[in-house]
Amino acid sequence: MTVSAVVWLPITVHRKVRMLNKVLNLVVILLFAAGLCASSIVGGCEMLIPTQTGSVPMKCIGGFNSVSLLLGVGLILAIVRLFLKNTEARRFAALSLGLIVLAAALIPSPLVVGVCSWEGAALCCSPLAEAGASAEELAWCSLTMDCHISAAVVWVMATLILVCLVIQVLTTPSDTSEKTKPRLFD
């Protein structure tokens, strides 16, 4: 290996890593957009639950409204992250995106708000039950409810985004030039 090959090797690796980070950031933007579409367009069930004083919307509607808000903020932050130059700012933005995605994934989980339970499924699938559908058809109906589909899309999207963010944080090269080094004790 010649001296010039040794000098240029880290530069080409650095460029490839930067290109990988940009491609992964574009993938993150597309995944945020897909999750936003799933949570806002498909969203939750449109059924109303009858109560003694009237009727109320199902809990998944409010949950997916908050998921849409979080994913919208995440989408904006992911777009801004494309234009950040400082390594620490990119890493902080990746950490912030990770926290936003975790919050968005937790909302439709049973730990926070959750999606419609079997009682909600019985309400949404009651026309099938009245028509004499089998237990398998009713189970399929509950699995194909809008809120269950949206929750699955949000969970898959969140997992993929977290994988992309971990790869980006681990492969982001540090700033080594003299003018970008922090000077604490000068």
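Hydrogens, waters and symmetry mates are skipped; everything else that's a heavy atom, side chains included, is used.
In this view, Thr171 and Asn21 satisfy the side-chain hydrogen bond (donor to acceptor under 3.5 Å, both in side chains) rule, not counting sequence neighbours. Scored by the side chain to side chain contact (heavy atoms under 4.5 Å, CB included) test, Ala34 finds no partners at all (sequence neighbours excluded). Residues passing the side chain to side chain contact (heavy atoms under 4.5 Å, CB included) test with Leu69: none are found, sequence neighbours excluded. Leu160 meets the side chain to side chain contact (heavy atoms under 4.5 Å, CB included) test with Leu31, Val156; sequence neighbours excluded. For Ala152, the side chain to side chain contact (heavy atoms under 4.5 Å, CB included) test picks out no residue, with sequence neighbours left out.
Note on Leu95 and Phe83: separate hydrophobic clusters, where clusters join Ile, Leu, Val, Met, Phe, Trp and Tyr whose side-chain heavy atoms are under 4.5 Å apart, directly or indirectly. Both Val27 and Ile79 are part of a single hydrophobic cluster, where members link through side-chain heavy atoms under 4.5 Å apart. Val80 and Leu99 fall into different hydrophobic clusters, defined by Ile, Leu, Val, Met, Phe, Trp and Tyr side-chain heavy atoms under 4.5 Å apart, directly or through other members. By the criterion of side-chain heavy atoms lying less than 4.5 angstrom apart, applied directly or through intervening Ile, Leu, Val, Met, Phe, Trp or Tyr residues, Ile161 is grouped together with Leu102 in one hydrophobic cluster.
The two residues Ala78 and Val28 come nearest to each other via the heavy atoms CB-CG1, 4.2 Å. Closest heavy-atom contact between Phe64 and Ala151: CZ-N, 3.5 Å.
In this structure the side chain of Leu71 reaches within 4.5 angstrom of the side chain of Met157, judged on heavy atoms. For the pair Leu111/Leu106, a side-chain contact is recorded, criterion being any heavy-atom separation below 4.5 Å from C-beta on. Residues Leu70 and Ile107 meet the side-chain proximity criterion, which asks for heavy atoms closer than 4.5 Å.
Through ILVMFWY side-chain contacts below 4.5 Å, Val169 is grouped with nothing and stands alone. Here Leu170 is tied into one hydrophobic group with Val166, each link being a pair of ILVMFWY side chains closer than 4.5 Å. Hydrophobic cluster of Leu24: the remaining members, joined at side-chain heavy-atom separations below 4.5 Å, are Leu20, Val163, Ile167, listed by chain and number.
Among residue pairs with one or both ends in residues 60-83, those qualifying as side-chain hydrogen bond (donor to acceptor under 3.5 Å, both in side chains) are Ser39-Ser68, Arg81-Gln168; sequence neighbours excluded.
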Given the rule in the side chain to side chain contact (heavy atoms under 4.5 Å, CB included) test, do Leu84 and Phe92 qualify, once you have shown the distances and angles that lead to the verdict?
-> CA-CA 11 Å; Leu84 293 177; Phe92 180 74; over 6 Å; no
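Between Lys22 atom NZ and Leu26 atom CG the span is 9.5 Å, to the nearest 0.5 Å. Taking CG from Leu75 and CG from Leu97, the interatomic distance works out to 9.5 Å, rounded to the nearest 0.5 Å.
Each of Leu165, Leu77, Val73 was scored for a side chain to side chain contact (heavy atoms under 4.5 Å, CB included) with Ser96, with one residue passing: Leu77. Each of Leu162, Val154, Thr159 was scored for a side chain to side chain contact (heavy atoms under 4.5 Å, CB included) with Val101, with one residue passing: Leu162.
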